[in-house]
Amino acid sequence: MDIILLGPPGAGKGTQAQRLEQRRGMRQLSTGDMLRGAVKHGTPVGLKAKEVMDRGELVSDEIVSELIDAELTAMGDDVGAIFDGYPRTAGQAESLDRILASHGRALDHVIELEVDEDALVERITGRFTCAQCGTGYHDTFKQPEVPGVCDKCGSTEFKRRPDDNEETVRTRMAEYRAKTAPILPIYEERGIVSRVDGMAGIEDVTRAIDAILG
Ligand code: AP5
Ligand code: MG
């Protein structure tokens with residue numbers, strides 16, 4: 001099963017994708033995580049992407065679609081994909097169709113996380129992740145069970161994203177409204193869009209997604 005999680009910055013795409021990985025053995029394909037990895041390793045893609053990401057704007061369609069194609073090639077046909085933060089433009093939506101077809105795959109569900117934008121700034125500015133394994137946390141909504149120790153891998157090192165400041169978040173939201181929200185009708189025409197209340201608690205959102213996926 002291949003699905004897209006769609007929603008503005010801080011909607012909970014990454015949080016829910018990680019939970020789907022654990023519960024269903026699916027694979028999270030986050031273009032944001034891939035780009036941050038490229039920046040960290042100083043690859044040519046990373047060098048191009050860094051400033052664009054720091055401003056909260058979108059990296060080019062070609063770059064992200066190539067990243068997705070390479071990941072799908074590497075991961076094999078028997079594992080379901082969770083597209084997190086991709087596609088984000090009409091061009092990327094077209095590329096995804098083409099890439100999936102070339103791998104003999106097709107989309108089963110597009111799940112839109114519906115959220116209140118004002119609450120998202122608090123979510124994003126309180127976010128941190130494990131520096132070792134990437135598990136996501138939040139100052140208010142999801143602290144590690146033992147303070148200062150990652151639930152998943154036991155690491156005591158955590159990090160925050162450079163684009164998680166209020167000004168950049170506002171740009172990221174504007175980009176979402178202008179370029180990403182308009183791709184929903186492509187999938188609505190196919191009858192594969194479901195909506196989930198992304199303002200509910202993390203567990204409740206997971207339950208709602210489970211009910212859609214069956
Ligand atoms: P990306 O990394 O994709 O960032 P984003 O879309 O802005 O989304 P976020 O990762 O900020 O939010 P999320 O929905 O994953 O929320 P999370 O689960 O962490 O992209 C970053 C940048 O890379 C872009 O700006 C762009 O420059 C570039 N880029 C990436 N993909 C691209 C593409 N396809 N094309 C072009 N450029 C691209 O949750 C947020 C916080 O809230 C967490 O702390 C979490 O614990 C908490 N939380 C989650 N759910 C809940 C809940 N239900 N209740 C309470 N708290 C919750
Ligand atoms: Mg994310």
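- Nearest heavy atoms, Gly134 versus Gln18: O-NE2, 3.1 Å.
- Ionic pairing of Arg160 and Asp139 is present here: one or more N-O contacts between side-chain nitrogen and carboxylate oxygen are shorter than 4.0 angstrom.
- Across Thr180, Asp97, Asp61, a single residue satisfies side chain to side chain donor-acceptor pair (under 3.5 Å) together with Gln92, and that is Asp61.
- Arg55 has no carboxylate O lying under 4.0 Å from a charged side-chain N of Glu167, or vice versa, which leaves the two without a salt bridge.
- Residues passing the salt bridge (Lys or Arg N to Asp or Glu O under 4.0 Å) test with Asp108: none are found, sequence neighbours excluded.
- Between Pro8 and Leu113, the shortest heavy-atom contact is CD-O, 4.1 Å.
- Salt bridge absent: Arg207 and Asp210 never bring a charged side-chain N and a carboxylate O closer than 4.0 Å.
- For Val169 against Asp163, the heavy-atom pair with the smallest separation is CG2-O, 4.0 Å.
- For the pair Glu57 and Thr171, the minimum side-chain heavy-atom distance is below 4.5 Å.
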Contacts under 3.5 angstrom, residues 145-155 side chains, donor-acceptor by atom type, not counting sequence neighbours:
from	atom 1	to	atom 2	distance (Å)
Asp151	OD1	Glu145	N	2.7
Ser155	OG	Glu157	N	3.0

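- Within a 6.0 Å radius of CD in Glu94, no more than 12 heavy atoms belonging to other residues, nucleotides or ligands are found.
- Residues Leu29 and Ile82 fail the side-chain proximity criterion, which asks for heavy atoms closer than 4.5 Å.
- Under a 4.0 Å N-O distance rule, the pair Glu62/Lys48 does not qualify as a salt bridge.
- Considering only heavy atoms from C-beta on, Leu5 stays 4.5 Å or farther from Phe83 through its side chain.
- The existence of a salt bridge linking Glu166 and Arg170 is confirmed by a sub-4.0 Å separation between a basic side-chain nitrogen and an acidic carboxylate oxygen.
- At least one donor-acceptor pair closer than 3.5 Å links the side chain of Glu21 to the backbone N or O of Gln28.
- One finds a salt bridge joining Glu71 and Arg27 here, because a Lys/Arg side-chain nitrogen approaches an Asp/Glu carboxylate oxygen to under 4.0 Å.
- Under a 4.0 Å N-O distance rule, the pair Asp164/Arg172 qualifies as a salt bridge.
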